[in-house]
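Data first, discussion second: the structure below is written as structure tokens.
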Amino acid sequence: MQPQPIKGNLNVEKLEEVIRETGVENIPFIRMEASTNLIGGQPFSIQNMREVRRVADAYGLRIVLDASLLGENAYLVIQREPEFAEATMEEVISIITGLADIVYFSARKLNSSRGGGICTDSHDIYLEMEALVPLYEGFLTYGGISVREMEAMAVGLYETLDETMICQSPEYIRYLVNSLAAKGVPVVTPPGVLGAHVDAMHICDHIPQTQYPAGSFGAAFFLISGVRGMERGSVSNQRDENGNETYADMELLRLAIPRRVFTLSQIKYVEDRLVWLNANRRLIGGLRFVYEPPVLRFFMGGLEPVSDWPQKLAAKFREDFGDSL
């Protein structure tokens, strides 16, 4: 199978099909995400966004861009989209944001500061949002953010144009993903952004989705490493309107690697523990909810093991590593 360097593209044919079936009047906007979180932090191409812009214009719809990882998406565009191989970060970011009607972002991800922002160059859209900002955020001109944080945000936005700074996180992710794949640990490839995404569906194929394999793998990994990952699978899904469980197409454990946070030795530690856990994966068992709030259960819910598998996993860890660690 040929490698697919850009996996975050929106399917334009399906997009048009959904628009026709749903009706333009029932669609407030088209959302794109730089980069696509739930499928392994995969980037979209500028060519794909141009095609989405064409569809949006044809049907009179707006494009809303989640730019929280815009810098990393732009970096991978330069790396993987031939048209932009010689482009600068500033040029690529300008093109991407220019194709959107509204750009919003988490400042923690985009520019390593607190808060976030909503941007538009349309006066009509600005007027639509004018009354909503004081209602839900804070005063119109600053949204409740302190002057200090706005200054930090401005510095971070300028830093996002620096390819030598932006590349640090994707390069660490690339190292971890490629090292794990070479040692037989199933991961999402090619390496994306935000983090390394481990394929718990394959590692824990002995655990039914009713017992949340990605959540189980994340709990097991925390037990033997102290490393906290983020479940991106069925725990992250919501029940349907009738209260029935819905199951994710993928069961992933996201190991986020933010910019300028970790050293290479810490990444190698994660690699070492994942290789060990993959070799002992049959010791991992399932989980069940003991507290399940009606919304955001993956943030606030509580789960417990369905058996004594954590004790057995810990016993095997002590057998292999002793008490020195």
Side-chain angles (χ1 to χ4, degrees), residues 4 6-39 41-74 76-78 80-84 87 89-107 109-111 115-143 157 160 192-193 237-238 240-241 246 249 295:
Q4 300 295 322
I6 296 179
K7 287 183 174 178
N9 285 346
L10 195 61
N11 187 313
V12 177
E13 291 75 19
K14 286 188 177 181
L15 172 62
E16 289 202 76
E17 182 180 323
V18 168
I19 293 171
R20 288 192 296 266
E21 290 178 355
T22 306
V24 172
E25 68 280 4
N26 297 313
I27 300 175
F29 55 82
I30 300 169
R31 177 181 174 274
M32 297 190 72
E33 185 178 7
S35 299
T36 312
N37 187 357
L38 289 178
I39 61 170
Q42 298 295 311
F44 61 74
S45 68
I46 288 180
Q47 181 55 39
N48 179 247
M49 193 170 184
R50 286 169 175 161
E51 294 170 359
V52 175
R53 179 77 266 172
R54 174 186 58 78
V55 172
D57 290 342
Y59 290 93
L61 292 168
R62 292 170 177 167
I63 295 178
V64 175
L65 174 66
D66 181 341
S68 298
L69 290 166
L70 177 60
E72 284 79 359
N73 198 111
L76 292 185
V77 162
I78 293 170
R80 301 178 186 179
E81 195 168 0
E83 180 184 347
F84 300 97
M89 289 285 292
E90 184 174 358
E91 289 168 342
V92 172
I93 288 174
S94 179
I95 292 170
I96 293 174
T97 54
L99 289 166
D101 297 290
I102 297 173
V103 176
Y104 73 91
F105 59 89
S106 163
K109 294 177 182 177
L110 179 62
N111 48 12
I118 304 173
C119 311
T120 182
D121 58 2
S122 166
H123 186 65
D124 290 339
I125 294 175
Y126 168 83
L127 292 176
E128 287 181 34
M129 295 191 294
E130 184 178 33
L132 299 175
V133 174
L135 183 61
Y136 290 103
E137 297 295 336
F139 196 68
L140 183 63
T141 53
Y142 61 91
L157 287 171
T160 302
V193 303
N237 272 18
Q238 296 283 8
D240 66 18
E241 61 274 12
T246 62
D249 294 329
V295 294

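For clarity, every value in this text was computed on a predicted model and none was experimentally measured. Numbering of residues begins at 1 and proceeds along the displayed sequence.
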Pairwise side-chain contact, [X] with [Y], heavy-atom cut-off 4.5 Å (strictly under):
X: Leu157; Y: Leu110; value: yes
X: Leu132; Y: Glu137; value: no
X: Asp66; Y: Met32; value: no
X: Leu65; Y: Ile102; value: no
X: Thr246; Y: Gln238; value: no

Does the pair Gln42 and Ile6 meet the rule for a side-chain contact (heavy atoms from CB on, under 4.5 Å), with working shown? CA-CA 7 Å; Gln42 298 295 311; Ile6 296 179; over 6 Å; no
Using a strict threshold of under 4.0 Å (side-chain N to carboxylate O), is an ion pair present between [Y] and [X]?
X: Arg62; Y: Asp124; value: no
X: Glu83; Y: Arg50; value: yes
X: Lys14; Y: Glu16; value: no

Between [atom1] of [X] and [atom2] of [Y], what distance do you get to the nearest 0.5 Å?
X: Leu15; Y: Asn11; atom1: CG; atom2: CG; answer: 8.5 Å
X: Cys119; Y: Ile125; atom1: SG; atom2: CD1; answer: 12.0 Å
X: Thr97; Y: Met49; atom1: OG1; atom2: CE; answer: 8.0 Å
X: Asp101; Y: Ile63; atom1: CG; atom2: CD1; answer: 6.5 Å
X: Phe84; Y: Ile95; atom1: CZ; atom2: CD1; answer: 4.5 Å
X: Leu70; Y: Ile93; atom1: CG; atom2: CD1; answer: 4.5 Å

Verify side-chain contact (heavy atoms from CB on, under 4.5 Å) between Phe105 and Asn111, making sure each step is shown before the conclusion. CA-CA 9 Å; Phe105 59 89; Asn111 48 12; 4.1 Å; yes
Which atom names give the shortest non-hydrogen contact between [X] and [Y], and what distance separates them?
X: Ala56; Y: Ile30; result: CB-CD1, 4.0 Å
X: Ala87; Y: Val92; result: CB-CG2, 3.8 Å
X: Ile19; Y: Tyr59; result: CG2-CD2, 3.6 Å

Could you go through Ile118 and Val103, starting from their C-alpha distance and side-chain angles, then the distance that decides it, and tell me whether this counts as side-chain contact (heavy atoms from CB on, under 4.5 Å)? CA-CA 6 Å; Ile118 304 173; Val103 176; over 6 Å; no
Sole residue of Leu76, Asn9, Val77, Leu10 in side chain to side chain contact (heavy atoms under 4.5 Å, CB included) with Phe44: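 Checked Leu76, Asn9, Val77, Leu10 against Phe44; only one passes side chain to side chain contact (heavy atoms under 4.5 Å, CB included): Asn9.
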Can you find a side-chain donor-acceptor pair between Asn73 and Ser35 that sits under 3.5 Å?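 On atom types as modelled, these side chains qualify, holding a pair under 3.5 Å.
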Quick one about Arg31 and Tyr104 (side-chain donor to acceptor, distance below 3.5 Å, no hydrogens or angles considered), yes or no?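 There is such a pair (donor and acceptor under 3.5 Å, judged by atom type) between the side chains of Tyr104 and Arg31.
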In terms of ring plane angle, is the pair His123 and Tyr126 parallel, tilted or perpendicular, where the classes change at 30° and 60°?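 Ring orientation of His123 relative to Tyr126: parallel.
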When you look at CG of Asn26, are more than 12 heavy atoms from neighbouring residues, nucleotides or ligands closer to it than 6.0 Å?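 Enclosed.
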Residues, nucleotides or ligands: over 12 heavy atoms within 6.0 Å of Glu90 CD: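 For Glu90, atom CD is not crowded (no more than 12 foreign heavy atoms under 6.0 Å).
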Return yes if some donor-acceptor pair links the side-chain N/O of Ser106 with the main-chain N/O of Ser68 below 3.5 Å, else return no.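 No.
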